[in-house]
Trainee: 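Sharing a structure below in structure tokens format, with a few things to ask.
These numbers were taken from a predicted model, which means no experiment stands behind them.
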Amino acid sequence: MSSVAVVQGGDVPDPSVRNLLDQDTLKWVFVGGKGGVGKTTCSSIVSILLASVRSSVLVISTDPAHNLSDAFQQRFTKFPTLVKGFSNLYAMEIDPKVENDDFGNEGMEGFISELTNAIPGVDEAMSFAEMLKLVQTMDYSVVVFDTAPTGHTLRLLQFPATLEKGLEKMMDLKNRFGGLINQATRLFGLGDELNEDAMLGRLEGMKDVIEQVNRQFKDPDLTTFVCVCIPEFLSLYETERLVQELAKFEIDAHNIIINQVIFDEEAVESKLLKARVKMQQKYVDQFHMLYDDFNITKLPLLPEEVCGVQALQNFSKHFLAPYTPTLKRGSVEELEERVSTLKSSLQVAEAELDRVRKGKQVA
């Protein structure tokens with residue numbers, strides 16, 4: 001049974017994602033949150049960590065603005081591709097829109113277009129169903145979803161209901177027009193391309209796949225959702241909305257990753273950064289107050305991007321153990337570093353002052 005990992009000797013949840021690695025029954029792991037908070041970096045690292053304890057891992061991007069290729073610095077397509085440097089980690093990027101060749105003929109394509117106009121979101125639902133069919137034919141130990149921003153993710157979770165509406169629309173058309181569609185297709189020599197039963201069967205098949213997977217999504221032994229955020233008001237608000245919606249869909253969530261944190265004990269001299277530390281701490285405290293039973297992992301703000309397998313692997317250590325600054329404020333090492341920096345800054349300022357004085361003398 002799914003549970004929150006707890007630090008030994010206390011009742012505080014472990015501030016890491018180690019619980020995801022320990023739960024060997026997990027089949028589906030969703031990583032989502034507000035746009036621009038680092039979801040792709042986090043989903044990439046979660047998949048790398050899972051690959052160290054699982055036989056095979058697939059990470060899928062369902063975000064139209066694909067970033068997996070950028071994170072791994074390797075080109076991915078709509079088919080699973082082995083990630084360089086691994087023997088059991090695969091990645092793919094899917095378009096959340098139905099492609100023409102997914103349906104094989106113009107008649108079906110035209111019908112899908114009409115259905116899309118009648119029921120918003122049915123095209124994404126059908127595309128997702130096609131992708132799940134593909135994934136189910138493969139024997140991956142666990143699948144990680146790098147999802148689109150929150151609104152798109154919540155639509156993804158509504159796909160079974162969306163396809164249900166599509167089926168109801170089809171049944172309504174069938175009841176109202178009887179065999180007229182079949183007669184018209186035979187009259188114009190279109191054969192079975194627009195056969196209503198064939199279309200209905202296709203939709204029902206997709207709905208069956210999504211309903212089967214949807215049952216798995218609601219099983220906390222098989223599925224969990226990792227919420228990624230940053231310590232700011234809008235991200236806190238979006239995370240709260242996401243957690244509430246996940247509860248409504250009966251989808252387990254007990255991990256929150258707070259990204260881009262400037263740690264209070266870090267040796268920070270900039271007034272701007274000090275102000276950001278104070279602001280961030282207020283929201284970090286609120287996260288801990290609201291989600292005291294969640295595994296909350298805090299990740300540091302870095303001076304550089306995390307791109308490429310090596311950089312992802314190096315950063316992954318902060319997912320398994322709390323981050324500790326290399327220089328703590330007030331330590332001998334930090335004071336020595338600060339003195340050295342001040343001396344260097346003084347030398348630069350003196351050189352600049354000397355240059356300005358010489359310039360005035362020339363003028």
Side-chain angles (χ1 to χ4, degrees), residues 1-8 10-34 37-54 57 59-60 62 141-147 149-150 153-154 156-157 216-231 235-261 283-300 306 312 315-323:
M1 187 68 183
S2 168
S3 62
V4 175
V6 175
V7 176
Q8 287 185 349
D11 56 0
V12 179
D14 181 24
S16 77
V17 300
R18 196 175 294 278
N19 59 306
L20 301 179
L21 310 187
D22 294 340
Q23 190 177 336
D24 55 11
T25 58
L26 275 179
K27 173 67 177 176
W28 313 97
V29 178
F30 288 87
V31 180
K34 189 176 179 292
V37 297
K39 295 186 300 296
T40 299
T41 299
C42 290
S43 60
S44 300
I45 291 177
V46 166
S47 65
I48 286 174
L49 292 173
L50 285 169
S52 68
V53 296
R54 295 295 194 96
V57 179
V59 55
I60 301 174
T62 61
S141 174
V142 62
V143 178
V144 179
F145 288 96
D146 172 35
T147 68
T150 308
T153 302
L154 296 178
L156 179 149
L157 300 174
Q216 294 183 19
F217 285 177
K218 292 182 178 182
D219 185 343
D221 288 338
L222 299 175
T223 304
T224 194
F225 201 108
V226 179
C227 304
V228 183
C229 57
I230 56 177
S235 189
L236 173 67
Y237 172 79
E238 192 90 346
T239 302
E240 176 64 11
R241 183 168 77 99
L242 178 58
V243 169
Q244 289 179 0
E245 290 293 323
L246 291 171
K248 189 186 299 181
F249 288 112
E250 301 174 51
I251 293 178
D252 175 74
H254 51 258
N255 279 83
I256 291 178
I257 295 175
I258 308 177
N259 198 16
Q260 302 176 18
V261 176
Y283 293 114
V284 168
D285 290 343
Q286 287 187 37
F287 273 110
H288 281 282
M289 181 181 68
L290 288 168
Y291 308 105
D292 57 351
D293 58 342
F294 276 58
N295 295 96
I296 298 180
T297 306
K298 294 190 293 183
L299 301 177
V306 183
L312 291 168
F315 195 52
S316 69
K317 64 186 178 185
H318 303 309
F319 284 64
L320 299 177
Y323 170 74

Trainee: At what distance, to the nearest 0.5 angstrom, does CG of Asp252 lie from CZ of Phe30?
Mentor: 12.0 Å
Trainee: Let me confirm one number: the CH2-CG distance from Trp28 to Asp219, rounded to the nearest 0.5 Å.
Mentor: 12.5 Å
Trainee: Verify, without hydrogens or angle tests, whether Gln260 (side chain) and Gly38 (backbone) share a donor-acceptor contact under 3.5 angstrom.
Mentor: no
Trainee: Kindly indicate whether the side chain of Val306, heavy atoms from C-beta on, has any atom under 4.5 Å from the side chain of Leu312.
Mentor: yes
Trainee: Examine distances only and state if a side-chain atom of Thr223 and a backbone atom of Gln216 form a donor-acceptor pair shorter than 3.5 Å.
Mentor: yes
Trainee: Only counting residues at least two apart or in another chain, list the ones meeting side chain to side chain contact (heavy atoms under 4.5 Å, CB included) with Lys317.
Mentor: none
Trainee: Test your reading of the model: is there a side-chain donor-acceptor pair from Asn259 to the backbone of Val37, 3.5 Å cut-off?
Mentor: yes
Trainee: Who are the side chain to side chain contact (heavy atoms under 4.5 Å, CB included) partners of Leu236, not counting sequence neighbours?
Mentor: Tyr283, Gln286, Phe287, Leu290
Trainee: Could you tell me which residues satisfy side-chain hydrogen bond (donor to acceptor under 3.5 Å, both in side chains) with Ser16, sequence neighbours excluded, listed by chain and number?
Mentor: Asp14
Trainee: Go through the structure and list residues passing ring-ring contact (aromatic ring centres under 6.0 Å, His included) with His318, not counting sequence neighbours.
Mentor: Phe315, Tyr323
Trainee: Do Leu246 and Cys227 touch side chain to side chain, with heavy atoms closer than 4.5 Å?
Mentor: yes
Trainee: How close do Ser316 and Leu49 get, heavy atom to heavy atom, and via which atoms?
Mentor: CB-CD2, 3.9 Å
Trainee: Can you find a heavy atom in the side chain of Pro15 that is under 4.5 Å from one in the side chain of Ile296?
Mentor: no
Trainee: Quick one, Asp22 and Arg18 - any side-chain contact, counting heavy atoms below 4.5 Å?
Mentor: yes
Trainee: Glu240: which residues meet the side-chain hydrogen bond (donor to acceptor under 3.5 Å, both in side chains) condition with it, sequence neighbours left out?
Mentor: Gln244, Tyr291
Trainee: For Val143 and Val29, run side chain to side chain contact (heavy atoms under 4.5 Å, CB included): C-alpha distance rounded to whole Å, both residues' side-chain angles, the deciding distance at 0.1 Å, then the answer.
Mentor: CA-CA 6 Å; Val143 178; Val29 178; over 6 Å; no
Trainee: Once you measure the plane-to-plane angle for Phe145 and Phe217, does it fall in the parallel (<30°), tilted (30-60°) or perpendicular (>60°) bin?
Mentor: perpendicular
Trainee: Would you please name every residue forming a side-chain hydrogen bond (donor to acceptor under 3.5 Å, both in side chains) with Ser235, sequence neighbours left out?
Mentor: none
Trainee: If we only count heavy atoms from C-beta on, is the Lys39 to Asp146 side-chain gap below 4.5 Å?
Mentor: yes
Trainee: Should Val243 and Phe225 count as side-chain neighbours, where that means a heavy-atom distance under 4.5 Å?
Mentor: no
Trainee: Measure the OG-CD1 distance between Ser47 and Ile60 for me, rounded to the nearest 0.5 Å.
Mentor: 11.0 Å
Trainee: Once you round to the nearest 0.5 Å, how far does NZ of Lys34 lie from OG1 of Thr239?
Mentor: 10.0 Å
Trainee: Minimum heavy-atom separation for Ile256 to Cys229, with atom names?
Mentor: CG2-SG, 3.8 Å
Trainee: Looking only at non-hydrogen atoms, find the nearest pair between His254 and Thr224 and report the distance.
Mentor: CE1-OG1, 3.6 Å
Trainee: Just jot down the side chain to side chain contact (heavy atoms under 4.5 Å, CB included) partners of Ser52, sequence neighbours excluded, or say none.
Mentor: none
Trainee: Does a side-chain heavy-atom distance below 4.5 Å link Leu26 with Arg54?
Mentor: yes
Trainee: Working to the nearest 0.5 angstrom, can you tell me the gap between Leu50 CG and Asp24 CG?
Mentor: 11.5 Å
Trainee: What is the minimum heavy-atom distance between Thr147 and Val31, and which atoms define it?
Mentor: OG1-O, 2.9 Å
Trainee: At what distance, to the nearest 0.5 angstrom, does OG1 of Thr297 lie from CD1 of Ile258?
Mentor: 8.5 Å
Trainee: Please name the pair of heavy atoms, one in Pro231 and one in Val284, separated by the smallest distance, quoted to 0.1 Å.
Mentor: CB-CG2, 3.9 Å
Trainee: For Asp285, check side-chain hydrogen bond (donor to acceptor under 3.5 Å, both in side chains) against everything at least two apart and list the hits.
Mentor: Gln281
